[in-house]
Amino acid sequence: MLEKLFDHGKIESKVIDKSKEIISKTTKNNSRKETFTITLPPPNITGSLHLGHAFTSVIQDMLLRFKRQHGYVVLGQPGIDHAGIATQIIVANQLREKGIHWQQLGREEFIAQVWKWKEQSGGTILYQLVRLGTSIDLDRVRFTMDPAASEAVAYAFTRLYKDGLIYRDKRIVNWDPVLKTAVSDLEVSNKTEDGKMWYIRYPMGQSDFITIATTRPETLFGDQALAVHPDDERFKHLIGRKVRIPLTDRVIPIIADEHSDPQKGSGIFKVTPAHDFADFEIGVRHNLPMMIIMDESACLNNEVPEEFRGLPVSVARAKVVNALEEKRLIVRIENIVHSVPRNDRSGAMIEPMVTNQWFLETKRLADMAIKAVEDGRIKFIPEQWTNTYFEWLRNIQPWCLSRQIWWGHQIPVWYAENGKMFCAPTEEEAIQQAAKYFEVSKEFVPKLTRDPDVLDTWFSSGLWPFVTLGWPEKTADLAKHYPTDVLVTGFDIIFFWVSRMIMLGLYFTKDVPFRTVYINPLVRDEKGQKMSKSKGNVIDPLHLMNKYGTDALRFTLATLAIPGRDIRLGESLVEIGRNFITKIWNAAKFIELKECFFEKEFDIYGGEIEAPLNRWIVRKLIEFKGQSELHINEYRFDLYAQCIYKFLKDTFCDIYIEAIKSCNDFETQRTACAVFLEFLKVAHPVIPFITEFLWEEFTRTQQVRGMLLTEPWADELSVQRGTGTSSGTDANLSYDATSKLTDYYIAVTEEIRSLRGIIGVKEKLDLLVISGEDDEFIARNTHWILNLGRLNSIEVVDAFPDGGIRFVVKNQEFYLKYSNEISRTVFDKKMQTLQSEIDRLAAKIQNEAYKAAKPAQWAEDVTLREQKEVELAKLKAVNF
RNA sequence: GGUCACGUAGCUCAGCGGUAGAGCACUGCGUUCACAUCGCAGGUGUCACAGGUUCGAUCCCUGUCGUGACCACCA
């Protein structure tokens, strides 16, 4: 006996335990050729499950389960990411709470601490994903820092270096003076803040001044030029003259550069090549010196006058402004709002600074990546994201690969004392290279020092789809599962990750890393705010799973998976999901109560079912299956979920179950159960727990069945067709005259119910039908028509008596016995609606152009109008 | 400044060349033996605005307004 309520807490872990082995078996199973592979975006080891993960995982899992049920060799490749900077920050903070500064520990000990912490927390998030039902193979979990991955990263770096794509260069980068590392421009956000604009006079000649505007007066010590626009008539005469930097004796030229905007500031601006991105470019164009005036903590260095040395930027700024004011070199100060770059992770103010870093030349890789999407080898869903992707790749900058932190893949480059670099996947090989270079045997190679920098986390992530399959070895897995099929992720990492995987994938494997990129919507809170810890509006998926059940959460997320739109999720939506799960439970209880057992010999698709109602529900089932398949294949998980909802509630419960309440025959019992089990199959990808549980409950006695997890959807019909898909339009096999009549009489009962509602009848009524072609059908199907129409009896007569309620469905008239006075307004309203419909149709039909353009549709409209006119005429004829 | 979305019932959102749908909310009825985490019935709309294409536009095109996101810039 099923319990009164579905207790998700009781069964979820059991289902997970039972599934484990099968999930990994289907991956290893070699009997089938077609594979379906998803590389899961590896969550950070620092992370715990949030709704974004949950959403992405559910979408991936629906695909995995769907494909697994369809016989593919399915691999959901799990992994976790070492998340360089993010993790280093967290562990450093933990150490600080113990009163230890991470740098005191020394590199080796610090890394040991991180590993320790990784062992503690690394598994949590995967466990949470499994709780969410994600059918990943836990035997195959990979970590971006595990030995094989590290080797692959070193190999990849070395190859790119050899091919001349990786180089070391002094370029301007975003420098985080707190973490003391370069960071990617993708990790820097511009935040709007209040600031000031200082108009400063630069002395020119004996008594002249040039006024420039700046928000960063303290950088003037690094100035190498003032710039005006070459076409700016006001200042043309100044080009080539020299000015003196205030507070110093340094003299710099006035140059002409297109970058200068005559409208902005004073029309003249200072050029500080080592500390501003635009100025850096100008500096390169005009071959200006790159004078670095700060140290790694953004304190002014020895290049500046003594009194300013060692001061942090903000202090130096005030002091410079003071000094300038004393010398009356400040013309005016404006309060402005401007944007200031900050590191997303640390919150630190970013200093653009010229430093020595490793770069990857990306132009060629970007071109390859653009082409792969242009020619359709990779498809974005929704397609609009290709624009974002293209735009970024077309304006791509060299990728700064190096980070001055400790946690990550150390750059595989060793230096000799004379500065000679040896890039090799291992130290051993670097020594060999050095031996060759120095023309000595290995033992006599002078001491080599490894580059202390580590690689940007996204470098290893960029190799992930093939590294997880064993690359650079030519493994069987790689041959079998690569390219992978679908990548599911959020739009926020198209630049960080998606494009890098495509670039590096094409470069190293000569093939795309995946064929489809499904960009899932961003989860926001009920008010449309981005969820974030600082706002305190984060909803914990574990809380939702505990309270409403994992299936409820999954179903709700699926209904919200609308392409191209952010979703707003509040608890109330999950409640709706839970209610639907309860509905399924209750349907199951009815099936059980009705003693509808499953029997494997009973074939609902075989065409042997006789009762019209049973044939009808099977036809609906086939349509439902076809629709569901279609929606999943088109990544419309929202429509797929809707389909499930509608079929179960509107079709199966509201009509079929209601109708069969009076049936206790063998065929109906078997059909009801079989159809319900078929429904469970189709719903399984989105709600795996309740479906698996009920599947077992109903098939237990038959022994032969395995888990629903691997139960194929394919039925006789689709097997016959050889397509594996059953589409709704092709379901004629059980759609015949009887089914049409069934549809019709269901419509009649709906009309009766509607009338009952409007009039407010409580008791059951008696229906009269004029004798005709349907007499036999009515006789055979009276039982369920009575149920659905809330009727007492149906009587076939030759003519209707006076009074009562008459109504028309299509061309046929019906009569309900009813002696009380009824309000005519109900019928007036019906007649009005009919009349306006007829008028509209009439206008359409008269349209000759319409008739010519769409003759079939036009003919349908003609028929429809005739029907409506009959209905109206009959209503008019009723005497009240 | 550039790009891309979005504007449909009170709310959240589907739909998309033949004048509209769901869920929630709301109203009425109902505890008839699957279901009150419920059932039955019901109402609800200048489909942001203005032009254009079309026999016909909520749907396609252009523009306007509004909202949001991303990128760039910010002397």
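Just so we're on the same page: letters track the sequence lines, and every chain starts at 1.
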Participant: Select base, sugar-phosphate, or nothing to describe what A:Q857 touches, counting heavy atoms under 4.0 Å on all strands.
Facilitator: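 The answer is base, as A:Q857 lies within the cut-off (heavy atoms under 4.0 Å) of a base atom.
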Participant: Hey, does A:K764 reach any base, or is it just sugar-phosphate, or nothing, if we go heavy atoms under 4.0 Å?
Facilitator: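 A:K764: no heavy atom of the nucleic acid under 4.0 Å.
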Participant: Would you please confirm or rule out a distance under 4.0 Å between OP1 or OP2 of B:U12 and any side-chain N or O of A:R568?
Facilitator: yes
Participant: Using the P atom on both, measure B:A50 against B:A57 and round to a whole Å.
Facilitator: 14 Å
Participant: Contact class for A:D861 (heavy atom, under 4.0 Å): base, sugar-phosphate, or nothing?
Facilitator: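 No contact.
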Participant: For A:I576, report the nucleic acid contact type (base, sugar-phosphate, nothing); a contact means any heavy atom under 4.0 Å.
Facilitator: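 Contact class for A:I576: sugar-phosphate only.
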Participant: Between A:E374 and A:R394, does any NZ, NE, NH1 or NH2 come within less than 4.0 Å of an OD or OE carboxylate oxygen?
Facilitator: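 Salt bridge between A:R394 and A:E374, a charged N being under 4.0 Å from a carboxylate O: yes.
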Participant: Sort out for me which residue in A:F380, A:F491, A:W385, A:W392 forms a side chain to side chain contact (heavy atoms under 4.5 Å, CB included) with A:V498.
Facilitator: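 Among the candidates, only A:F380 passes.
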Participant: By nearest nucleotide on RNA chain B, pick out whichever of A:Y645 and A:T582 is the more 5' one.
Facilitator: A:Y645
Participant: Please lay out, stage by stage, how A:L2 and A:L694 fare under the test side chain to side chain contact (heavy atoms under 4.5 Å, CB included).
Facilitator: CA-CA 9 Å; A:L2 295 175; A:L694 290 175; 4.1 Å; yes
Participant: A:E658 near the nucleic acid: base, sugar-phosphate alone, or nothing, with a heavy-atom cut-off under 4.0 Å?
Facilitator: base
Participant: Look at all strands and tell whether A:R753 reaches a base, only sugar-phosphate, or nothing, counting heavy atoms closer than 4.0 Å.
Facilitator: sugar-phosphate
Participant: If you look only at distance, which donor and acceptor atoms sit under 3.5 Å apart when one is on a side chain in residues 567-577 of chain A and the other is two or more places apart or in another chain?
Facilitator:
| from | atom 1 | to | atom 2 | distance (Å) |
| --- | --- | --- | --- | --- |
| A:E571 | OE1 | A:K547 | NZ | 3.0 |
| A:E571 | OE1 | A:Y548 | OH | 2.8 |
| A:E571 | OE2 | A:H543 | NE2 | 3.2 |

Participant: Is there a side-chain contact between A:R790 and the phosphate of B:C40, meaning an N or O under 4.0 Å from OP1 or OP2?
Facilitator: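 So the side chain of A:R790 is outside the cut-off, no N or O lying under 4.0 Å from OP1 or OP2 of B:C40.
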Participant: Distance between the C1' atoms of B:A14 and B:A22, in whole angstroms?
Facilitator: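 Those two atoms are separated by 7 Å.
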Participant: With a 4.0 Å cut-off on heavy atoms, is A:N387 in touch with a base, just the backbone sugar-phosphate, or nothing at all?
Facilitator: sugar-phosphate
Participant: Looking at A:Q835, I want to see if its CD is surrounded by more than 12 non-hydrogen atoms of other residues, nucleotides or ligands under 6.0 Å.
Facilitator: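 Atom CD in A:Q835 is crowded, with more than 12 foreign heavy atoms closer than 6.0 Å.
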Participant: Over all strands shown, is A:K762 touching base, sugar-phosphate only, or nothing at heavy-atom distances under 4.0 angstrom?
Facilitator: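 Answer is sugar-phosphate: A:K762 comes under 4.0 Å of backbone atoms only.
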Participant: Taking N or O atoms only and anything under 3.5 Å, show me the protein contacts with nucleotides 66-74 of chain B, one pair per line.
Facilitator:
| from | atom 1 | to | atom 2 | distance (Å) |
| --- | --- | --- | --- | --- |
| B:C73 | O2' | A:K264 | NZ | 3.4 |
| B:C74 | N3 | A:S339 | OG | 2.2 |
| B:C74 | N4 | A:S339 | OG | 2.7 |

Participant: Can you give me the dot-bracket string for RNA chain B, 5' to 3', counting Watson-Crick and G-U wobble pairs with both distances under 3.5 Å, using [ ] for crossing pairs and | for partners on another strand?
Facilitator: (((((((..((((....[..)))).(((((.......))))).....(((((..]....))))))))))))....
